[in-house]
Amino acid sequence: MNTGFLTIYWRDMLRFVRFRTLLFTSLVQPALWLAFFGVAMSNNFDRLTATLPTIPGVPTVGYLTFIGAGVIAMTTLFTSLFGGTVLLFDKNWGLMRETLSSPLPRIHIIIGIGLSGMTKSFIQATVIMLFGLLIGVRFFDGYTLSQTLVSVFGILVFVGVFSLGFLFLSGAIAISMESPEGMQAVITLLTMPFFFTSNALYPVESFPPLLRVLSTVNPLTHLVSGIRYFAIGNNFSAIGIQYVYTPNDILVSFLALLTFAAIMFLIARWRFGKVTVT
Amino acid sequence: MAVDISGNTIEVENLEHSFGDVKAVDGISFTVRKGEIFSFLGPNGAGKSTVINILTTLLRLQKGTAKVAGHDVEKEPEKVRESIGIVFQELTLDRDMTVRETLEYHGRLYSMPKEERRRRTEELLRLVQLEGKGDTRTKYLSGGMKRRLEIARGLMTRPKVLFMDEPTIGLDPQTRIRIWEYVREINREGTTIFLTTHYMDEADQLSDRISIIDHGKIIITGKSWELKNKLGQDLIYLESSDNRAAAEMLRELGSVKEITEKPKGLVLMLSGDGTHLLPKLMEMLTGRGIAITTVNLKKPSMDDVFVHYTGRELRDEGAEKLSSAIIRAGKR
Ligand SMILES: Nc1ncnc2c1ncn2[C@@H]1O[C@H](COP(=O)(O)OP(=O)(O)OP(=O)(O)O)[C@@H](O)[C@H]1O
Ligand SMILES: [Mg+2]
């Protein structure tokens, strides 16, 4: 097997650990989100929902726990959407010419960037989970050690497939763009719909029909569902709404993410096939 | 299959390339033989880099055919990529990687085995005299060091063909000379070299054969001495009280091949040795009442060759130098 993508992976990780500030902010930022937004909102929501009757036999989780999954998902979305930027810089600084004129099949560039971005997302997700547990996110509540390990594994698989999809998309955008500013603008524009039509921060149950449709095709929703299923359980209530996830639901979510990643991979391959640098 | 049976490492036929309305390459054909150092000499915008980009598969071929190391660039780009090394015109180093990492990355791209990568890296660092800089990030290198690192990188995989796009641009004279030495050295070891330059002396010193290229076309190809000989053996530059009359008279001399009028004087291309002709010629002109104010005898240089074939000097040499290179030489 040609393992050329490992070369791309190696270089990208080298840069990741070399830029200490980048490494540091990429870990601290999601933690801050959880700390400020999470704690502030959870006080509000928990006060509002305190009066709602609890559903007998169904465990109720606080808002902080509810959006813990959302913060992991959002962080993965942002990191992955920006993960391809390095390719744009490489292209603009001429560095891409070295890679493109080498025998490395171009598809390996995408795979390498995908894998390094995925690794970064794993690190971030793990840090958020640890930090979350510290400040009162009740993930893996009452799980045995092996249940916890299986759940963490499940979360990382979901995070991994999701991040790959968005990294491929990001790579395809990067290689098609001329300037970092343009890329920044496109990505900012893209994040909005993904972000607001998902169940990351609030329930989608009360959305109008169109938004609900959007939310069901939104990969972010599927990632959040997967994380909640593994981290909180298959039947819980939060903000007065009962969440039931059957294994089937989760399988569908997983397949949706796989499909998304596959489509993005094809798009990236197509864009890379056309690229010329001078 | 490394090389064509014909012994040519590069074969280009009727290559054309346009960027929108700009015809950067306008029907170029040439061959580079195995083991040769071949140069493209031409001014800015002549189309040199465009040809390199096509030959190195970075630009899609639009029209014509091109084969590198026996492989068609359009049909077998991967095979071409395996056989070549490139030193790009612009710096293409990752500023935040160290010298060693830069070479390591390159070796990995070409699937070199680990042990060989390590050995080759140390070998090359010695060759380009960067031994002490192995763990320095490239942004902390001087311009010349960066260029040497890029040349080392081009050599990393022992390519069959090395493309060098203006390899010594912006380097001090010592460094240029040292780089020429590396180039000859690796050429002796068997690497075919294609280089572009707009330095006459570089083309002259380094290449087995030179193509002068301008406006996307090859104007003439040949060995450096052949190109110079086409201008005649010697050149005489003279200024006199009546240049026009002098030209009339000198045209009758059998050993004067061609006369070019310059703003203040005349350039004579001689078919024979000028040292004997010069006294006779001066005597003759003085005898007919034409006073000679300046005279200079020289061997043709690549500058003269270039001016002769393109009708002008390299465009980028600065306005005050725009008068003919021969005049410049005449004042030396
Ligand atoms: N990517 C591009 N897009 C549009 N035009 C281009 C591009 N690359 C080159 N050109 C044009 O093609 C022509 C040839 O350019 P090229 O870079 O091949 O010249 P060159 O001989 O390498 O010059 P130099 O000595 O300055 O490097 C120029 O007119 C240039 O403006
Ligand atoms: Mg050029």
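Proteins get letters first, then strands, A, B, ... in listed order; numbering begins at 1 in each.
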Handout entry: Thr7(A) vs Tyr105(B) side-chain heavy atoms within contact, under 4.5 Å
Key = yes

Exercise for the section: Could you tell me whether Glu189(B) atom CD has more than 12 heavy atoms of other residues or ligands within 6.0 Å of it? Expected result: yes

Problem - Rounded distance [0.5 Å steps], NE2 in His106(B) versus OG in Ser102(A) - result: 7.5 Å

Problem - Closest approach of Trp10(A) to Glu101(B) (non-hydrogen atoms, all atoms of both residues) - result: CH2-O, 3.8 Å

Fill in the blank from the handout: Sorted by chain and residue number, the ring-ring contact (aromatic ring centres under 6.0 Å, His included) partners of Phe16(A) (sequence neighbours excluded) come out as none

Completion exercise
For Asp94(B) and Leu95(A) the tightest heavy-atom approach is N-CD2, 3.4 Å

Completion exercise
The interface call for Phe19(A) against chain B, heavy-atom contacts under 4.5 Å, is side chain

Practice task
Please answer whether the main-chain N or O of Gly4(A) pairs with a side-chain N or O of Arg108(B) as donor and acceptor at a distance below 3.5 Å.
Solution key: no

Practice task
Take atom CZ of Arg106(A) as the centre, draw a 6.0 Å sphere, and report whether it contains more than 12 heavy atoms from other residues, nucleotides or ligands.
Solution key: yes

Check: residues 182-191 of chain A side-chain donor-acceptor pairs under 3.5 Å, at least two apart:
unit_1: Thr188(A); atom_1: OG1; unit_2: Gln184(A); atom_2: O; d: 2.6
unit_1: Thr191(A); atom_1: OG1; unit_2: Ile187(A); atom_2: O; d: 3.2
unit_1: Thr191(A); atom_1: OG1; unit_2: Thr188(A); atom_2: O; d: 2.7

Practice task
Return yes when atom CD of Glu13(B) has more than 12 non-hydrogen atoms of other residues, nucleotides or ligands closer than 6.0 Å, and no otherwise.
Solution key: no

Completion exercise
In short, Arg18(A) meets Thr98(B) closest at the heavy-atom pair NH1-N, 4.0 Å

Problem - Engaged part of Leu91(B) at the chain A interface, taking heavy atoms whose separation is under 4.5 Å - result: backbone

Handout entry: Phe153(A) atom CZ, neighbour heavy-atom count above 12 within 6.0 Å
Key = no

Exercise for the section: May I ask you to test the Arg11(A)-Thr102(B) pair for a side-chain heavy-atom distance under 4.5 Å? Expected result: no

Problem - Distance-minimising heavy-atom pair for Tyr110(B) and Ser101(A) - result: OH-O, 3.7 Å

Practice task
Compare all side-chain heavy atoms of Ile86(B) with those of Glu98(A) and state whether any distance is below 4.5 angstrom.
Solution key: no

Practice task
Under 4.5 Å, counting heavy-atom pairs only, tell me which of Ile8(A), Leu6(A), Leu14(A), Leu104(A) racks up the most with chain B.
Solution key: Leu14(A)

Practice task
Pick whichever of Thr157(B), Leu109(B), Leu93(B), Thr92(B) has the most heavy-atom pairs under 4.5 Å with chain A.
Solution key: Leu109(B)

Handout entry: Neighbour count >12 (heavy atoms, 6.0 Å) for atom NZ, Lys139(B)
Key = yes

Handout entry: Residue part contacting chain A, namely of Arg153(B), when any heavy atom lies under 4.5 Å
Key = side chain

Exercise for the section: Evaluate whether atom CD of Glu123(B) has more than 12 neighbouring non-hydrogen atoms of other residues, nucleotides or ligands under 6.0 angstrom away. Expected result: yes

